[in-house]
Amino acid sequence: MPPRKPLSNEPCPVARTVDLIGDRWSLLIVRDAFDGIRRFGDFQQSLGMARNILTDRLQKLVGAGILARQDASDGTAYQEYVLTPQGESLFSIVVALRQWGEQHLFEPGERHSVLIDKSTGEPVPTMALKAQDGSVLLPGATQVRKVT
């Protein structure tokens, strides 16, 4: 199978984003980083992935500016991976995927995790796109406009 062509010149922002973070492992690493995981061994334990794949995805995420490597916060010789501001801006994407999964991939009463607002102790409300007037924006009310 020939190597996959990178989409870095693709004019579609969805294609470029999926090319960068759209594989299973990259998204799960980002999810774990939001959950507070910072060290290589902890990512590996949480995800159960091979070291070489984890190394590759972490390098890719660091190279893309989504994660940054820094000295361990506890003063040990370890390195930690932390979300950059660019990486933190992926939060709404991770939440949208989570909420879609909660709505469509679990049977009623089936056990799953829930994202909680720390300040209220309540589940995070379902995300919805809003129009300028505050009304819910449905897919049929949008269109893609090419920018030159």
Side-chain angles (χ1 to χ4, degrees), residues 1-130 136-139 142-147:
M1 185 161 83
R4 191 170 56 98
K5 178 182 143 198
L7 299 176
S8 57
N9 292 326
E10 174 69 40
C12 174
V14 174
R16 287 188 185 194
T17 302
V18 168
D19 192 45
L20 182 60
I21 62 158
D23 71 277
R24 167 192 171 119
W25 295 122
S26 295
L27 273 171
L28 293 177
I29 290 167
V30 170
R31 177 210 59 190
D32 278 3
F34 279 118
D35 289 344
I37 294 179
R38 294 176 156 225
R39 292 190 178 174
F40 184 96
D42 295 334
F43 282 113
Q44 188 177 28
Q45 183 178 0
S46 171
L47 298 170
M49 62 193 295
R51 292 179 63 85
N52 63 319
I53 295 171
L54 178 57
T55 298
D56 176 71
R57 294 313 188 282
L58 286 169
Q59 287 175 347
K60 182 178 175 184
L61 292 168
V62 168
I66 293 168
L67 293 176
R69 287 179 57 180
Q70 67 181 30
D71 292 336
S73 55
D74 62 4
T76 61
Y78 291 100
Q79 290 281 302
E80 294 181 339
Y81 295 89
V82 295
L83 289 161
T84 63
Q86 182 176 320
E88 287 179 349
S89 70
L90 290 169
F91 186 63
S92 59
I93 293 172
V94 174
V95 172
L97 287 168
R98 164 184 282 285
Q99 290 181 343
W100 186 90
E102 289 171 352
Q103 292 174 342
H104 300 288
L105 302 178
F106 291 88
E107 296 296 323
E110 185 179 355
R111 223 179 105 150
H112 64 280
S113 62
V114 177
L115 186 63
I116 301 296
D117 180 336
K118 287 182 182 181
S119 67
T120 64
E122 295 295 320
V124 171
T126 301
M127 291 176 57
L129 291 177
K130 304 283 178 140
V136 173
L137 190 60
L138 299 174
T142 67
Q143 71 179 43
V144 173
R145 180 177 294 153
K146 304 293 183 186
V147 179

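Here, residue 1 is the first one in the sequence, and each next residue gets the next number.
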A side-chain contact here means heavy atoms from C-beta on lying under 4.5 Å apart; do Ile93 and Val30 qualify?
no
Qualifying residues under side-chain contact (heavy atoms from CB on, under 4.5 Å), relative to Leu137, sequence neighbours excluded
Leu129, Ala131, Ala141, Thr142
Could you note down all residue pairs passing salt bridge (Lys or Arg N to Asp or Glu O under 4.0 Å) where residues 61-71 supplies at least one of them, sequence neighbours left out?
none
CD1 of Ile66 to CG of Leu83: how many Å apart, nearest 0.5 Å?
9.0 Å
Is it true that, when you exclude Gln70 itself, more than 12 heavy atoms of the residues, nucleotides or ligands shown sit nearer than 6.0 Å to its CD?
yes
I'd like to know if the side chain of Gln44 and the backbone of Leu54 have a donor-acceptor N/O pair within less than 3.5 Å.
no
Who passes side-chain contact (heavy atoms from CB on, under 4.5 Å) against Leu27, sequence neighbours left out?
Ile21, Leu97
Which heavy atom of Ile29 sits nearest a heavy atom of Phe43, and at what distance?
O-CE2, 3.5 Å
Rounded to the nearest 0.5 Å, the CG atom of Leu58 sits from the CD1 atom of Ile53 at a distance of 12.0 Å
Only pairs at least two apart or in different chains count here, so list each side-chain hydrogen bond (donor to acceptor under 3.5 Å, both in side chains) that has a residue in residues 24-39.
Asp23-Ser26, Asp32-Ser46, Arg38-Glu80, Arg39-Asp74, Arg39-Thr76
Please check this pair: side chain of Gln86 against backbone of Ala64, looking for a donor-acceptor N/O pair closer than 3.5 Å.
yes
Check: Thr84 side chain, Ala68 main-chain N or O, donor-acceptor pair, under 3.5 Å:
no
In chain order, what residues pass the side-chain contact (heavy atoms from CB on, under 4.5 Å) check against Leu115, with sequence neighbours excluded?
Phe91, Val95, Arg98, Val124
Any residue meeting side-chain contact (heavy atoms from CB on, under 4.5 Å) with Glu110, in chain and number order, not counting sequence neighbours:
Phe106, Glu107
Pairwise distance NZ(Lys60) to CG(Leu67) - rounded to 0.5 angstrom
12.5 Å
Rounded distance (nearest 0.5 Å) linking atom OH of Tyr78 with atom CZ of Phe40
12.5 Å
When rounded to the nearest 0.5 angstrom, what is the spacing between CG in Asp117 and CD in Glu122?
8.5 Å
Looking only at non-hydrogen atoms, find the nearest pair between Val94 and Phe34 and report the distance.
CG2-CE1, 4.0 Å
